[in-house]
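Heavy atoms only: backbone and side chains are in, while hydrogens, waters and symmetry mates are out.
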Amino acid sequence: MDPTLYPFAVAVSLLIIFYLVGLVNSHAYKLALPSGARDGCIDGSRGFLALFVFFHHFAIFQHWKSGGEWLAPNNHLMNNLGVVSVQIFFMITAYLFIKKIKKGNVSWPKLYKSRFFRVAPLYLFAVFITIFYSTLLTTRSATPEEYLLSLTRWLLYYGDGFPGYHDANNITAGVTWTLKYEWLFYLSLPLFAFFINKKLTILLFLGMLVLYGINFSHAAIAAVYLMPFAMGWFMVVLEEKGFTWMKVKFDTPVMSALMLIIFALALSLNAETRIGMLSIQLCGFMLFLLISQGCSVFGLLRSRPAVILGEVSYSIYLTHGITLFTLSTFFNVPLSLYTLPLFAFVVVMLSMATYKYIEKPFIDFGRRKAPSIILPKTETPG
């Protein structure tokens, strides 16, 4: 895959999607868009972040299907489209949920019910497709014990293979590892609430810095991927400490240009070194700061197509690998820069379908009333 033509293929794909997604939604899916007060331009950014992860994995898929190994691209731009996006996704999660628990009056049963029905149904669908495809492609029959062990690992977000088909993880482009970190964060929220109420947040930040400093990694949990959650939390602290009285205007052409410059810088860094990864995370934090405070990139992130893509971003993120695998494996559609726009379009169209028929019904179910366990409201920022 020619690295010099790759950015142009990505740009063409985005233009096609941006033009068609609104038309398709108006005439076919008719997805309802979010209304009311939202946080900055987060909604409009999610779809682009998910698509950047798709473009990143397209390059990996192309290399893998041409006979190579499943490896991160050796081109910084191809690789960092995925790396930067995942970092910002983690920051968004921390930012939104820390803000929620800082308001107090958290109903934990309601929160966890909502999270389960937001995340699990589509994940279970992806696991079903993964096991189904693996069964079709396996080189040998799995014993009941092997099958049960593999299924259990997938249900616990530790799935990586299948008996007789060790590339099972590639069916979803390997994105499911991030959900493990998301659930670790969700399950830690009551602990975070305790520290916030006791005004001991600084201890958590110090602990995070220590783990990051010693490059902690254990049981498939690495401190380097916990850092963006801490950065998202830090963004909440910054807001509390005075972004309002600073009177900075974030949604201006100057800020939009600055955001593009930072993004270009992040894409040029080497994610394979510790200093490079830290630099990418710092760039990601600056990008997230601008996004969360309303920088719309010349209005792009507030546009209707961007918000539609944001609504279906989880489907894009979790199912794009399935689409890539299906089309390239069972329909022999070639993976090249010339077919990238086609793959991108199909990914978005199928993601709109999985959102409407899988995600949305369960999201609505998860929002139904659950019994409340109320925490006292936090009066002082932690």
Side-chain angles (χ1 to χ4, degrees), residues 50 53-54 56-57 60-61 63-65 68-72 82-83 85-87 89-90 93 112-189 191 211 215-226 228-229 314-326 328-330 350-351 354 358-359 362 366:
V53 175
F54 156 72
H56 162 78
H57 284 134
I60 297 176
F61 251 96
H63 178 73
W64 176 54
K65 283 294 187 177
E69 297 181 60
W70 183 274
L71 295 172
V83 175
S85 298
V86 168
Q87 303 301 308
F89 269 132
F90 286 164
T93 294
Y112 285 115
K113 178 186 176 185
S114 174
R115 281 296 87 196
F116 178 82
F117 286 105
R118 179 69 182 88
V119 175
L122 188 65
Y123 176 73
L124 293 176
F125 170 77
V127 169
F128 172 79
I129 297 296
T130 298
I131 292 177
F132 176 67
Y133 282 178
S134 297
T135 303
L136 292 178
L137 299 170
T138 186
T139 56
R140 65 178 178 85
S141 299
T143 65
E145 292 79 10
E146 289 177 321
Y147 191 92
L148 181 61
L149 177 61
S150 179
L151 178 60
T152 301
R153 289 181 60 85
W154 278 100
L155 293 178
L156 294 176
Y157 301 97
Y158 277 90
D160 53 5
F162 187 81
Y165 190 66
H166 299 297
D167 291 327
N169 197 42
N170 299 353
I171 296 172
T172 57
V175 299
T176 55
W177 70 271
T178 60
L179 297 181
K180 173 177 56 184
Y181 285 89
E182 294 275 342
W183 274 111
L184 175 64
F185 180 81
Y186 298 147
L187 295 174
S188 300
L189 285 174
L191 177 64
L211 292 176
N215 200 22
F216 174 83
S217 180
H218 179 69
I221 299 294
V224 66
Y225 297 118
L226 301 180
F229 289 101
Y314 180 50
S315 275
I316 294 173
Y317 182 80
L318 196 54
T319 67
H320 71 264
I322 294 173
T323 302
L324 284 169
F325 189 91
T326 302
S328 62
T329 302
F330 299 110
L350 293 179
S351 295
T354 54
I358 299 177
E359 283 193 72
F362 283 103

Under 3.5 Å donor-acceptor, [X] side chain and [Y] backbone:
X	Y	answer
His57	Phe54	no
Tyr147	Ser141	no
Tyr314	Val119	yes
Thr143	Glu146	yes

Please find the pair of heavy atoms, one from [X] and one from [Y], that lie closest to each other, and give the distance.
X	Y	answer
Ala173	His320	CB-NE2, 3.9 Å
Leu184	Ser188	O-OG, 2.7 Å
Leu187	Tyr112	CA-OH, 3.6 Å

CD1 of Ile316 to CG of Leu350: how many Å apart, nearest 0.5 Å?
->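 These two atoms lie 11.0 Å from each other.
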
About how many Å separate OH of Tyr186 and CD of Glu182, when rounded to the nearest 0.5 Å?
->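 Going from the CD atom of Glu182 to the OH atom of Tyr186 covers 4.0 Å.
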
Is any side-chain heavy atom of [X] less than 4.5 Å from a side-chain heavy atom of [Y]?
X	Y	result
Thr329	Leu324	no
Tyr317	Thr178	yes
Ile322	Thr172	yes

Pair up each side-chain donor or acceptor in residues 121-136 with any protein partner under 3.5 Å, not counting sequence neighbours, and list the distances.
residue, atom, partner, partner atom, Å
Tyr123, OH, Trp154, O, 2.2
Thr130, OG1, Ala126, O, 2.8
Tyr133, OH, Thr326, OG1, 2.8
Ser134, OG, Thr130, O, 2.7
Thr135, OG1, Ile131, O, 2.7

Ring pair (Phe, Tyr, Trp, His ring centres under 6.0 Å) with His56: which residues, sequence neighbours excluded?
->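 His56 satisfies ring pair (Phe, Tyr, Trp, His ring centres under 6.0 Å) with no residue once adjacent residues are dropped.
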
Could you list the residues that satisfy ring pair (Phe, Tyr, Trp, His ring centres under 6.0 Å) with Phe61, not counting sequence neighbours?
->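 Listed in chain order: Trp64, Trp70.
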
Could you note down all residue pairs passing salt bridge (charged side-chain N to carboxylate O under 4.0 Å, His left out) where residues 116-125 supplies at least one of them, sequence neighbours left out?
->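 Non-adjacent pairs meeting salt bridge (charged side-chain N to carboxylate O under 4.0 Å, His left out): Arg118-Glu359.
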
Side chains of residues 157-171: which donor-acceptor partners sit under 3.5 Å, not counting sequence neighbours?
residue, atom, partner, partner atom, Å
Tyr157, OH, Trp183, NE1, 3.0
Tyr158, OH, Ala219, O, 3.2

Quick one: side-chain contact (heavy atoms from CB on, under 4.5 Å) partners of Ala222, sequence neighbours excluded?
->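 side-chain contact (heavy atoms from CB on, under 4.5 Å) check on Ala222 returns Tyr181, Ser217, Val224, Tyr225.
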
